[in-house]
**Q** 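Mind having a look at this structure? Questions to follow.
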Amino acid sequence: MTDTQWPVWEVFVQANPGIPHKHAGNVHAADAEMAMQNARDVYTRRSEGISIWVVPANAISASSPEDQGSFFEPSNDKPYRHPTFYKIPEGVKYL
Amino acid sequence: MEDEKKLAAFEAKIAAGNKIEPKDWMPEAYRKQLIRMMSQHAHSEIVGMLPEGNWITRAPNLRRKAILLAKVQDEAGHGLYLYSATETLGIDRTELLEQLHTGKAKYSSIFNYPTLTWADIGAIGWLVDGAAIMNQTALARGSYGPYSRAMVRICKEESFHNRQGYEIMMHLAQGTPEQKAMAQDALNRWWWPSIMMLGPSDDQSPNSEQLMRWKVKMESNDAIRQRFIDRTVPQADFIGLSIPDKDLKFDEASGHYEHGPINWEEFFEVIKGNGPCNAKRLKARSDADKKGRWVRDAAMAYAEKKKLKAA
Amino acid sequence: MTIQEAKFQYLLRLGDSSLIIGHRLSEWCGSGPILEEDIALINIALDFVGNATAILGYAATVEGNGRTEDDLAFLRSEREFRNLLITEQPNGDYASTITRQFLYDVYTYYLYEALKSSKDETIAALAEKSHKEITYHLRHTTEWMYRLGDGTEESHERMQNAMNDLWMFTGELFDMDEVDATLIKEGIAPDLNTIKEKWEAHVKPVIAEATLQIPSYNFKQKGSREGKHSEHLGFLLAEMQSVHRSFPGAKW
């Protein structure tokens with residue numbers, strides 16, 4: 001067996017009820033339970049969280065910088081997806 | 001040709017104040033320099049646990065014991081953030097630690113000095129963390145995203161370290177004559193190493209220009225050092241301790257303190273491995289790693305077994 | 001024995017045990033098997049120091065002689081300490097530390113659970129807070145019992161050795177004397193026989209699942225109730241109290 005610092009797990013912490021989990025960083029751990037405990041000890045030492053997700057880092061697929069053009073720019077010319085695109089006469093309510 | 005275009009885009013991005021992220025293209029020199037700096041920083045945090053850890057079991061009261069434990073724990077946490085940020089550059093922690101244990105990687109010169117009395121815990125928090133914070137606040141504005149984010153988090157957490165150190169010194173300085181003498185002695189021993197830990201003088205720091213342009217380095221060593229001295233001297237005055245520099249004087253014209261000559265020979269000796277505690281610190285880290293090997297192996301073996309059972 | 005005397009003694013037992021085992025855990029600082037575990041151990045040590053501070057503070061109040069928690073921690077000698085023998089046993093290897101911690105965590109888990117309904121409101125409130133911390137400690141140590149007990153051949157052997165060495169200190173966890181009798185009658189402290197049943201029902205299946213054996217010997221060490229300790233405590237206190245004792249009356 002080669003020496004190991006254990007696999008990396010990405011850590012997501014929910015700071016308060018009702019808001020999304022946010023990426024906090026990562027920890028090394030041999031298993032999921034350990035990853036959760038390590039995440040708790042490392043990323044919530046100052047009451048930063050009420051819920052934790054841990055995900056094996058190698059289970060995450062990420063887009064690459066080269067994808068930026070083809071992935072994200074096409075949405076730039078679709079302003080009609082945003083409510084501000086539409087002009088509604090003053091005085092009309094609940095729209 | 002391709003690389004030149006990429007380099008131009010890379011530099012433009014930095015000039016515009018954007019961050020470089022792990023998957024972005026970066027020049028090899030940038031990656032290498034960052035790995036060197038960030039791992040050195042990470043190693044400093046975990047080696048830095050040792051001189052202070054030395055006093056946890058002897059802290060003079062329960063409050064101080066809890067504070068010191070929390071502080072040393074933060075340092076472990078900071079080491080962890082920094083290793084993790086370094087890993088985004090494509091090198092893993094096992095390899096980084098190996099570089100530390102074999103002496104290939106460096107860590108801050110300051111941690112090769114011994115902590116001889118309880119007052120040293122105050123001096124470290126006040127001076128060493130004070131100097132480190134100056135440096136880290138600058139680095140938080142650096143161009144590499146993961147490093148900069150780690151710095152922001154670390155600076156936020158570290159502000160209490162600096163204060164608790166000063167508080168220890170204040171209590172000692174206002175205490176019995178023996179306590180005050182202990183505080184002055186600690187200041188005498190830690191002042192110059194703290195000044196030196198901010199790195200060699202600008203005229204002895206080559207290739208700084210490119211690193212500044214790439215926002216790997218944000219400020220020159222001398223500029224940070226000057227700011228540290230300007231802020232710290234009045235703090236010493238306030239609690240009635242004297243800075244061990246007979247040439248120290250305030251220059252009205254520039255608004256800065258002028259300090260006496262720094263013993264760079266000592267600094268370079270410590271960096272080379274000839275400080276009072278270099279061998280001891282390295283051995284402590286490397287022994288812990290060796291002693292922990294069977295534990296790490298067992299945890300992996302158990303995880304594998306459980307996976308097989310579940311399958 | 002008055003209720004006040006009994007309460008003072010009882011609080012010393014609780015507070016000293018936390019203080020001493022917290023001290024032992026803090027000795028790991030900087031030499032844990034991996035960075036994450038260093039952080040975890042310091043967290044647990046911090047919980048114990050906090051618990052000791054609160055309990056010894058209350059002990060000092062109950063005593064009413066003007067002593068503080070620091071006086072109790074730093075100015076008593078070996079024979080005056082009331083911590084359980086298991087808490088002062090040296091860290092040894094990681095297997096010893098985990099085994100010691102597990103056997104003790106299960107004990108405090110049920111003890112503090114019972115103390116949550118103590119008729120003494122301060123004790124009940126302290127127990128309420130501590131029980132949450134202990135619940136986490138126990139989760140941490142239980143997982144490590146499995147990992148190391150059922151990990152590799154080497155880790156299994158180390159764990160079995162640790163169990164063989166430490167089992168003899170588990171008997172006195174449940175010893176009762178006049179202090180307990182006085183407080184049980186008042187509804188302040190629980191009958192340790194009930195804690196013993198729960199402790200046994202809890203540790204046995206974990207030890208079995210960790211593929212370990214409970215040693216066959218019946219011999220149990222005792223003595224902490226009367227301040228008769230192992231030789232280890234003297235050195236621990238000499239270290240812990242050295243700065244405080246060297247500067248009598250100093251403020252820090």
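Remember, predicted model here, so these are calculated numbers, not experimental data. Just so we're on the same page: letters track the sequence lines, and every chain starts at 1.
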**Q** Is C/Arg76 positioned over the aromatic face of C/Phe81, cation under 6.0 angstrom from the ring centre and no more than 45 degrees off axis?
**A** yes

**Q** For B/Ala105, does its backbone N or O pair with a side-chain atom of B/His43 as donor and acceptor, under 3.5 Å?
**A** no

**Q** Side chain, backbone, both or neither: which part of B/Asp289 has a non-hydrogen atom closer than 4.5 Å to chain C?
**A** neither

**Q** Using heavy atoms and a sub-4.5 Å threshold, report which of residues 82-101 of chain B line up against chain C, by residue number.
**A** B/Tyr83, B/Arg93

**Q** With a 3.5 Å cut-off and sequence neighbours excluded, list the donor-acceptor pairs that the side chains of residues 303-311 of chain B form with protein atoms.
**A**
{"residue": "B/Lys305", "atom": "NZ", "partner": "C/Asp150", "partner atom": "O", "Å": "2.8"}
{"residue": "B/Lys305", "atom": "NZ", "partner": "C/Asp150", "partner atom": "OD1", "Å": "2.9"}
{"residue": "B/Lys305", "atom": "NZ", "partner": "C/Gly151", "partner atom": "O", "Å": "3.2"}

**Q** Please look at C/Leu41 and chain B and tell me whether the side chain, the backbone, both or neither of the residue comes under 4.5 angstrom of a heavy atom of that chain.
**A** neither

**Q** In terms of the angle between their ring planes, are C/Trp252 and C/Phe247 parallel, tilted or perpendicular, with boundaries placed at 30° and 60°?
**A** perpendicular

**Q** Which region of C/Tyr94, side chain (C-beta onward) or backbone (N, CA, C, O), has a non-hydrogen atom less than 4.5 Å from a non-hydrogen atom of chain B, or is it both or neither?
**A** both

**Q** For a quick test of reading the model, state the closest non-hydrogen atom pair linking C/Gln89 to C/Arg100 and the distance between them.
**A** O-NH1, 2.6 Å

**Q** So which of C/Leu56, C/Leu236, C/Ile39, C/Ile98 has the largest heavy-atom pair count under 4.5 angstrom toward chain B?
**A** C/Ile39

**Q** Between C/Glu69, C/Glu36, C/His244, C/Glu153, who has the most heavy-atom pairs with chain B when the cutoff is under 4.5 Å?
**A** C/Glu36

**Q** Please say whether the positively charged group of B/Arg153, taken as NZ for Lys or CZ for Arg, lies over the ring of B/Tyr81, i.e. under 6.0 angstrom from the six-membered ring centre and within 45 degrees of the axis.
**A** yes

**Q** Give, as side chain, backbone, both or neither, the part of B/Ile168 having an atom under 4.5 angstrom from any heavy atom of chain C.
**A** neither

**Q** When only pairs under 4.5 Å are counted, which of B/His171, B/Arg58, B/Gln73, B/Met49 shares the most heavy-atom pairs with chain C?
**A** B/Gln73

**Q** Is it the side chain or the backbone of C/Thr53 that comes within 4.5 Å of chain B heavy atoms, both, or neither?
**A** both

**Q** Heavy atoms only, distances under 4.5 angstrom: which of B/Thr176, B/Leu80, B/Leu172, B/Asp287 has the most pairs with chain C? Name it, please.
**A** B/Leu80

**Q** Mind listing the closest non-hydrogen atom pair of C/Leu46 and B/Ala66 along with its distance?
**A** CD2-O, 3.3 Å

**Q** Is the ring pair B/Trp55/B/Trp118 parallel, tilted or perpendicular, if the boundaries are 30 and 60 degrees?
**A** perpendicular

**Q** Name the region of B/Met182, side chain, backbone, both or neither, that has any atom closer than 4.5 Å to a heavy atom of chain C.
**A** side chain

**Q** Compute whether any side-chain donor of one residue and acceptor of the other, for C/His140 and C/Gln101, lie under 3.5 angstrom apart.
**A** no

**Q** Hey, which of C/Glu37, C/Glu143, C/Glu27, C/Arg158 has the most heavy atom pairs under 4.5 Å with chain B?
**A** C/Arg158

**Q** Could you have a look at C/Leu19, C/Ile34, C/Ile42 and say which one has the most heavy-atom pairs with chain B under 4.5 angstrom?
**A** C/Ile42

**Q** Between C/Ser96 and C/Asp93, does any side-chain donor sit less than 3.5 Å from a side-chain acceptor?
**A** yes

**Q** Could you check whether any side-chain heavy atom of C/Leu237 comes within less than 4.5 Å of a side-chain heavy atom of C/Ser77, counting everything from C-beta outward?
**A** no

**Q** Tell me, do C/Thr170 and C/Tyr104 make a side-chain contact under 4.5 Å, heavy atoms counted?
**A** no

